[in-house]
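One structure below.
Read the numbers this way: they start at 1 and go in the same order the structure lists the ligands and their atoms. Fair warning: this is a prediction, and the values are worked out from it, not measured in the lab.
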Amino acid sequence: MKMLVAGGAGFLGSHLCDRLLADGHQVIALDNLITGSLDNVRHLKGREDFSFIEQDVTQPFKIEGKIDFIFDLASPASPIDFVKIPMEILLVGSYGVHNLLELAREKQAGFLLTSTSEVYGDPLVHPQSEDYWGNVNPIGPRSVYDESKRYAEALTMAYHRYRGINTRIVRIFNTYGPRMRLDDGRVVPTLIDQALNNRPLTVFGDGSQTRSFCYASDLIEGIYLAMRSSEHQPINLGNPHEMSILEFAQAIKKFTGTSSAIEHQPLPADDPKVRRPDISRAKKILNWEPVIGFEEGIKKTIDWFAAKK
Ligand code: UDP
């Protein structure tokens, strides 16, 4: 099939391009490189089955020829971006998704939106299942991301219900692995970078807040299976293995062997206290669950960052 990956030079977008190409599909990657990087797709340059177009999907654009399926992974997703490029995040979740859904309509293509666990906000239900409507602050610093993704979900469902588009929605929980940006600000690259350089590991708050980390290849497999399914309702994708951020920092200390100390810093506003996916629907509908354990995944990720140094 001919696939279009918006955000194809990003962390997950580029892994998805690899996965689709490995399965014999043709891939067009679109990216405006605001947070993505050509380094992530450099190994694909020159392949006949791959093309890259530098394009901001919030602006009008045309693609020649047929497209069978559109994957929308185009959005900055790190909390440091929420304050650095808030307008871009709001626009890519609204105009960007709209443009891509219109392209799906024109090409009669399928469409998959990558949404986020952030639609659940600072959740009052734990673990989070898809039928939970969330606890989102609509005007807080995280709202530019949370609300743009919630709008994107509403838009996607409306295009499914009223325009007959063959849509999918996956809600991605914290995911990590090679190709994350070093200066991404998120806890995984930040703490690995600090550990490898023997700088203090910055734990925000007392570190009792929890996250559940999924390795990139597992997540990509889930996205791939969602594309192949015929499920239009949202599906959580993530690894239910939950840990506190303090436990995470201790694991980074252990696996890097760093001499760095843990340094507590203020907790950012509206930082979710807990997060863990209920993946019953993904298991049932997609027959999917993560296979890479935390120790294996984090060691691979540390090795990748160490090799880049
Ligand atoms: N965090 C931290 N130190 C850092 C970066 C993040 O303690 O240097 C915390 C952050 O406050 C949050 C968790 O780690 O509780 C995960 O943050 P991240 O930015 O990776 O993504 P989030 O899950 O909040 O979107």
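Below 4.0 Å from some heavy atom of R275 lie the following atoms of ligand 1, by number and element: 22 (P), 23 (O), 25 (O). The ligand atoms of ligand 1 that sit less than 4.0 angstrom from a heavy atom of N174 are 21 (O), 22 (P), 23 (O). Close contacts between ligand 1 and V203 involve ligand atoms 7 (O) [criterion: under 4.0 Å to a heavy atom]. Each of the atoms 25 (O) of ligand 1 lies under 4.0 Å from some heavy atom of E118.
Taking a cutoff of 4.0 Å between a charged side-chain nitrogen and a carboxylate oxygen, R275 and E118 qualify as a salt bridge. Residues R181 and D81 are paired through a salt bridge, judged by an N-O separation under 4.0 Å between the basic side chain and the carboxylate.
The backbone N or O of D184 lies less than 3.5 Å from a partner atom in the side chain of S78, making a donor-acceptor pair. For W288 (side chain) and A226 (main-chain N/O), no donor-acceptor pair under 3.5 Å exists by modelled atom type. In terms of modelled atom types and a separation under 3.5 Å, the side chain of K149 and the main chain of S117 share no donor-acceptor contact. The main-chain N or O of F52 is never found under 3.5 Å from a side-chain atom of K45 such that the two would form a donor-acceptor pair.
Residue-level proximity to ligand 1 for Q265 is absent, since no heavy atom of it falls below 4.0 angstrom. Only the side chain of L191 comes within contact range of ligand 1, with a heavy atom under 4.0 Å; no backbone atom does. Heavy atoms of T202 found under 4.0 angstrom from ligand 1 belong to the backbone as well as the side chain.
With hydrogens left out, the protein atom closest to atom 10 (C) of ligand 1 is D271 OD2, 3.3 Å, a heavy atom. Of the protein's heavy atoms, I245 CD1, 3.6 Å lies nearest to atom 13 (C) of ligand 1.
At a threshold of 4.5 Å between side-chain heavy atoms, the hydrophobic network of Ile, Leu, Val, Met, Phe, Trp and Tyr places I235 and I223 in one connected group.
Distances from atom 23 (O) of ligand 1 to the heavy atoms of K273, R211, Q209, H264 show the closest one on R211. With distances taken over non-hydrogen atoms, the option nearest atom 22 (P) of ligand 1 out of M180, R142, E263 is R142. The closest non-hydrogen atom to atom 7 (O) of ligand 1, taken over Y145, F204, F213, F248, comes from F204. In this comparison of D270, T210, V187, D81, the heavy atom closest to atom 14 (O) of ligand 1 sits on V187.
In this structure, the side chains of D193 and R199 come closer than 4.5 Å at one or more pairs of heavy atoms.
Other residues, nucleotides and ligands contribute more than 12 heavy atoms inside 6.0 Å of the OH atom of Y224.
Between R186 and ligand 1, no N or O atom pair is found at a separation short of 3.5 Å.
Using 4.0 Å as the threshold, G185 has a heavy atom nearer than that to some atom of ligand 1.
What you find for R150 and V119 is that their closest heavy atoms are NH1-O, 2.6 Å.
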